[in-house]
Amino acid sequence: MVNLHDKVKEAMRPADDTLYLHRQLGRWQHRDIAEQQRLELALQRWPLLAELVFAEAEVQQQEEAGS
């Protein structure tokens, strides 16, 4: 038998939308777009940092291709 407390508890959604979506969709991975945008802005402001990031990405791709 389901009581009123259980119904209210089921109807309440958590404050965190990503947690709610994770519960509804199962294995769902959240990607922080804001973090990606901050990185892109930083790379635009500091071109030498951008060169370093791209060089590291290239080395990583070469290592993955060699594996």
Side-chain angles (χ1 to χ4, degrees):
M1 182 171 137
V2 176
N3 60 26
L4 182 59
H5 178 71
D6 291 337
K7 286 186 177 185
V8 170
K9 191 173 183 179
E10 289 176 10
M12 291 175 40
R13 292 185 181 172
D16 184 5
D17 289 338
T18 57
L19 180 61
Y20 175 73
L21 283 172
H22 178 70
R23 287 181 181 164
Q24 295 299 316
L25 299 175
R27 294 187 61 91
W28 173 73
Q29 297 225 343
H30 172 72
R31 193 170 119 209
D32 188 0
I33 296 172
E35 183 65 30
Q36 183 179 352
Q37 290 172 342
R38 284 192 292 270
L39 175 61
E40 289 173 5
L41 287 173
L43 295 179
Q44 288 174 3
R45 278 186 250 153
W46 298 294
L48 293 176
L49 178 62
E51 289 180 22
L52 177 63
V53 169
F54 294 133
E56 287 178 352
E58 186 175 311
V59 168
Q60 184 179 9
Q61 287 177 352
Q62 289 174 355
E63 288 176 354
E64 290 174 356
S67 296

Report summary line: Across all chains, not counting sequence neighbours, the side chain to side chain donor-acceptor pair (under 3.5 Å) partners of Glu58 are none
Requested in this report: Quick one: list whatever passes side-chain contact (heavy atoms from CB on, under 4.5 Å) with Leu48, sequence neighbours left out.
Outcome: Glu51
Query raised in the report: Who passes side-chain contact (heavy atoms from CB on, under 4.5 Å) against Leu43, sequence neighbours left out?
Result: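 Leu39, Leu49, Ala50, Val53.
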Query raised in the report: Of all residues at least two apart in sequence or in a different chain, which pass the side-chain contact (heavy atoms from CB on, under 4.5 Å) check with Ala34?
Result: Asp32, Arg38
Query raised in the report: How many angstroms lie between atom CD of Glu40 and atom CD of Glu35, to the nearest 0.5 angstrom?
Result: 11.0 Å
Query - Partner set under side-chain contact (heavy atoms from CB on, under 4.5 Å) for Glu56, not counting sequence neighbours - result: Leu52
